[in-house]
Amino acid sequence: MVRLLVALLVAIASGLLISGFVNNVSLIFGGMGRPENYVGAVLSPALLFGLWFLARMTALRIATYATHFGQSNRSTTYRTTLTITIVLAALVAIVGIADTKDGARPTISGSALQSELRGNLAPAAGSPVVVSTIRCPVSKDYGDGDVARCTASTGTGSAAVFLVTVMRDGGEWRYTIDVE
């Protein structure tokens, strides 16, 4: 029972680490990587190695314990524990990768949207809007079809409100902007 519990815990953690690694790497190579994706891609293998080292040591201890009390052969118990762990980890990883691929959609962060608008917009002729003051909600990520409510200061001290619709077109972000 202990062997199965340890195998299950290690398998779940390993599967999640593997699926996270695959997801981070696919975002990086897909051109949509953020700093946290790079960190995750580097840290996941290190954490996975540490986890498997602990799993191996635990399997050895379980095998020694089982042998000491005459419950089974040490090498058989060790191999069985690691085999169960590997199979379960593979299943969790496959489910995790499939889940992240199905639910993943390209997004742009609010801060990146804000930066793009500031860098790529020019004030309309006769408009009092100060483009460098554009502010979008930075705590949200926007995907295809989402609308961001952004504001900008005007030279007169008031604020203009823009409704920015985010669209993905051939791997590029496009925007339509309406003034509220």
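Of the possible polar contacts, none joining the T151 side chain to the A160 backbone as a donor-acceptor pair under 3.5 Å is found. A donor-acceptor pair is defined here as one N or O able to donate and one able to accept, closer than 3.5 Å; such a pair exists between the side chain of D146 and the backbone of G143.
Under the rule for a side chain to side chain donor-acceptor pair (under 3.5 Å), the partners of T156 that lie at least two apart in sequence or sit in another chain are T154, S158. Every side chain to side chain donor-acceptor pair (under 3.5 Å) that E180 has, sequence neighbours left out, goes to R149. Under the rule for a side-chain contact (heavy atoms from CB on, under 4.5 Å), the partners of S132 that lie at least two apart in sequence or sit in another chain are V130. Every residue two or more places apart in sequence or in another chain that forms a side-chain contact (heavy atoms from CB on, under 4.5 Å) with T176 is listed here: T165, M167. Applying the salt bridge (charged side-chain N to carboxylate O under 4.0 Å, His left out) criterion to R118, with sequence neighbours excluded, gives no partner residue. Residues passing the salt bridge (charged side-chain N to carboxylate O under 4.0 Å, His left out) test with R174, sequence neighbours excluded: D169. Qualifying side-chain contact (heavy atoms from CB on, under 4.5 Å) partners for A159, counting only residues two or more places apart in sequence or in other chains: none.
Scanning both residues, A152 and V129, for their nearest heavy atoms gives CB-CG1, 3.7 Å. When every heavy atom of V131 is checked against every heavy atom of L117, the shortest pair comes out as CG1-O, 4.0 Å.
We find the OG-CZ distance between S111 and R135 to be 12.5 Å, quoted to the nearest 0.5 Å. Interatomic distance, I108 CD1 to W173 CH2, rounded to the nearest 0.5 Å: 6.0 Å. One finds the OG1 atom of T107 at 9.0 Å from the CZ atom of R168 (value rounded to the nearest 0.5 Å). Separation of atoms OG (S109) and NZ (K140) is listed at 12.0 Å; rounding is to 0.5 Å. The OH atom of Y175 sits 8.0 Å away from the CG atom of N120 when rounded to the nearest 0.5 Å.
Applying the disulfide (SG to SG under 2.5 Å) test to pairs two or more places apart or on separate chains, those with a residue in residues 149-180 are C136-C150.
Counting side-chain heavy-atom gaps under 4.5 Å among Ile, Leu, Val, Met, Phe, Trp and Tyr, the cluster of L163 also holds V147.
Both V166 and I177 are members of a single hydrophobic cluster when ILVMFWY side chains are connected at heavy-atom separations under 4.5 Å.
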